[in-house]
Amino acid sequence: MSMAKSDYKKITTNSVQEMKRNGEKISMLTAYDYTMAKIVDAAGIDVILVGDSASNVMAGHETTLPITLDQMIYHASSVVRAIDRALVVVDLPFGSYQGNSKEALTSAIRIMKESGGHAVKLEGGTEIVDSIERILKAGIPVMGHLGLTPQSIYKFGTYTVRAKEEAEAEKLLEDAKALEAAGCFALVLEKIPSKLAKKVAESLDIPVIGIGAGQDVDGQVLVLHDMLGMTHEFHPRFLRRYLDLYDQITGAVGNYVADVKNRDFPNDKESY
Ligand code: KIV
């Protein structure tokens with residue numbers, strides 16, 4: 001029998017695995033600050049990702065590469081203070097884990113200790129298994145991330161769909177199995193063909209959460225500011241906009257500016 005989201009008082013890594021076993025889809029969104037995280041948690045999201053997309057969305061960088069471990073800890077601790085129910089997963093930023101498993105462990109421990117997050121996410125396959133195993137040995141849950149991995153954007157050259165060719169698709173499936181064998185509790189697949197994502201989800205026992213990976217995975221993730229329509233210039237095919245907050249906020253701010261200029265705000269009732 002499938003469980004409704006309300007049946008879980010608090011989401012844990014075990015609950016998301018149980019959701020896969022029960023055929024309940026997992027909902028995941030990013031958040032980077034207290035106020036948004038509070039709204040998203042109250043609305044019933046299962047997993048909040050403090051993504052390194054904060055580098056783009058919050059700081060205006062072109063890529064996710066510049067964000068630092070200290071900045072990720074600041075965002076994650078703000079989110080953790082807001083939540084009652086959701087599982088909070090925090091991205092390890094570029095340069096804090098690649099190529100050195102001791103440094104990966106130190107970074108993951110800092111995230112858990114200083115932000116209070118519940119798990120970390122790392123981008124990559126077999127090449128980072130050493131780091132993942134070391135982090136897991138410290139009792140820290142790890143979510144994997146394959147397909148389009150934005151921290152490697154300068155290796156890929158573009159943000160186009162990954163693993164369309166057979167060799168890359170085979171390597172991705174191999175990587176996914178290696179991440180599960182290493183002990184990851186879940187896996188994000190970004191921007192890959194739906195058919196391949198389905199094959200990966202069917203091949204693994206751990207939940208596979210897609211972004212631009214089609215319907216046949218165990219859950220979906222989007223960047224909050226994109227799905228709320230706050231980022232006008234970004235419109236990939238996989239993005240469904242649930243609001244057009246850019247226009248609504250522009251309108252509200254425009255009205256406020258006009259009210260101030262016209263001496264309409266504040267009125268007597270709004271004054272002491
Ligand atoms: O940083 C992020 O927002 C992510 C999602 C796109 C999965 O990694």
Side-chain angles (χ1 to χ4, degrees), residues 12-21 26 28 46-47 49-53 64 87-105 107-109 111-112 117-152 155-156 161-163 166-214 216-221:
T12 64
T13 56
N14 289 331
S15 348
V16 293
Q17 294 188 328
E18 191 176 68
M19 285 181 195
K20 171 159 184 161
R21 287 196 295 275
I26 300 155
M28 174 160 142
D46 295 317
V47 184
L49 172 66
V50 184
D52 59 358
S53 50
T64 57
L87 178 76
V88 179
V89 180
V90 185
D91 267 340
L92 282 191
F94 176 69
S96 72
Y97 63 95
Q98 291 95 340
N100 181 338
S101 65
K102 186 167 183 281
E103 199 180 341
L105 176 61
S107 305
I109 288 177
I111 296 245
M112 301 299 281
H118 308 138
V120 294
K121 176 164 82 59
L122 281 71
E123 295 181 6
T126 48
E127 69 283 2
I128 58 155
V129 159
D130 277 0
S131 297
I132 290 175
E133 285 175 345
R134 202 151 175 180
I135 294 170
L136 283 163
K137 272 190 202 141
I140 301 170
V142 176
M143 180 180 271
H145 184 157
L146 295 171
L148 177 64
T149 46
Q151 291 180 10
S152 309
K155 186 176 94 183
F156 297 145
V161 180
R162 303 301 314 167
E166 204 173 316
E168 197 183 338
E170 270 171 26
K171 163 86 169 93
L172 188 143
L173 183 58
E174 234 173 70
D175 280 339
K177 288 179 179 167
L179 294 182
E180 176 172 71
C184 285
F185 76 93
L187 171 66
V188 165
L189 289 182
E190 181 165 353
K191 229 173 168 186
I192 63 165
S194 309
K195 237 171 113 178
L196 174 61
K198 179 173 193 271
K199 192 168 172 189
V200 175
E202 285 173 354
S203 306
L204 302 188
D205 289 329
I206 59 170
V208 172
I209 300 175
I211 173 164
D216 297 316
V217 286
D218 308 303
Q220 298 293 331
V221 55

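In terms of the side chain to side chain contact (heavy atoms under 4.5 Å, CB included) criterion, Lys195 has no residue partners (sequence neighbours excluded). Applying the salt bridge (charged side-chain N to carboxylate O under 4.0 Å, His left out) rule to Asp91 yields the partners Lys121; only residues at least two apart in sequence or on another chain are considered. Thr13 is linked by a side-chain hydrogen bond (donor to acceptor under 3.5 Å, both in side chains) to nothing, counting only residues two or more places apart in sequence or in another chain. The side chain to side chain contact (heavy atoms under 4.5 Å, CB included) search around Ile206 returns Gln17, Glu180, Cys184, Leu187, Leu204, not counting sequence neighbours. In this structure, the side-chain hydrogen bond (donor to acceptor under 3.5 Å, both in side chains) partners of Ser53, at least two apart in sequence or on a different chain, are Tyr32. The side chain to side chain contact (heavy atoms under 4.5 Å, CB included) check on Glu168 picks up Arg162, Ala163, with sequence neighbours excluded. Taking the salt bridge (charged side-chain N to carboxylate O under 4.0 Å, His left out) definition, one finds that Glu166 meets it with nothing, sequence neighbours left out. With sequence neighbours left out, Lys191 forms a salt bridge (charged side-chain N to carboxylate O under 4.0 Å, His left out) with no residue at all. Shown here are the side-chain hydrogen bond (donor to acceptor under 3.5 Å, both in side chains) partners of Glu123, two or more places apart in sequence or in another chain: there are none. Scored by the side chain to side chain contact (heavy atoms under 4.5 Å, CB included) test, Ala138 finds Leu105, Ile140 as partners (sequence neighbours excluded).
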Quiz item: Would Phe94 and Thr64 satisfy side chain to side chain contact (heavy atoms under 4.5 Å, CB included), going step by step from the backbone distance to the final call?
Solution: CA-CA 8 Å; Phe94 176 69; Thr64 57; 5.8 Å; no
Quiz prompt | Residues Phe156, Thr149; criterion side chain to side chain contact (heavy atoms under 4.5 Å, CB included); working and verdict | solution = CA-CA 9 Å; Phe156 297 145; Thr149 46; 3.4 Å; yes
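Considering every non-hydrogen atom in both Ala119 and Phe185, the closest pair reads CB-CE2, 3.7 Å. When all heavy atoms are compared, the tightest approach of Ala182 to Val129 is CB-CG1, 4.2 Å. In terms of heavy-atom proximity, Val90 sits nearest to Gly117 at CG2-CA, 4.2 Å. What you find for Ala176 and Val200 is that their closest heavy atoms are CB-CG1, 3.7 Å. Closest non-hydrogen pair, Ala201 versus Val217, comes out as CB-CA, 4.0 Å. The shortest non-hydrogen separation linking Gly144 to Leu179 is CA-CD1, 4.1 Å.
A distance of 7.5 Å separates CZ of Arg21 from CG of Asn14, quoted to the nearest 0.5 Å. The distance from the CD1 atom of Ile26 to the CG atom of Asp46 is 7.0 Å, given to the nearest 0.5 Å. Considering CD1 of Ile128 and CG of Leu122, their distance stands at 4.5 Å, rounded to 0.5 Å. Separating the CG atom in Leu92 from the NE2 atom in His145 is a distance of 13.0 Å, to the nearest 0.5 Å. Taking CG of Leu172 as the reference point, atom CG of Leu189 lies at 6.0 Å (rounded to 0.5 Å). Distance CG/Leu148 to CD1/Ile211: 9.0 Å, rounded to 0.5 Å.
Annotation: side chain of Ser194 is not in contact with side chain of Asp216 (no heavy-atom distance under 4.5 Å). A 4.5 Å side-chain heavy-atom check between Val188 and Met28 finds at least one atom pair inside the cut-off.
Between the side chain of Glu190 and the backbone N or O of Ala213, no donor-acceptor pair lies under 3.5 Å. With hydrogens and angles disregarded, a donor-acceptor distance shorter than 3.5 Å links the side chain of Ser15 to the backbone of Thr12.
Residue pairs meeting the side chain to side chain donor-acceptor pair (under 3.5 Å) criterion with at least one partner in residues 128-137, sequence neighbours excluded, are Ser101-Arg134. Sorted by first and then second residue, the side chain to side chain donor-acceptor pair (under 3.5 Å) pairs with a member in residues 198-209 read Lys198-Glu202; sequence neighbours excluded.
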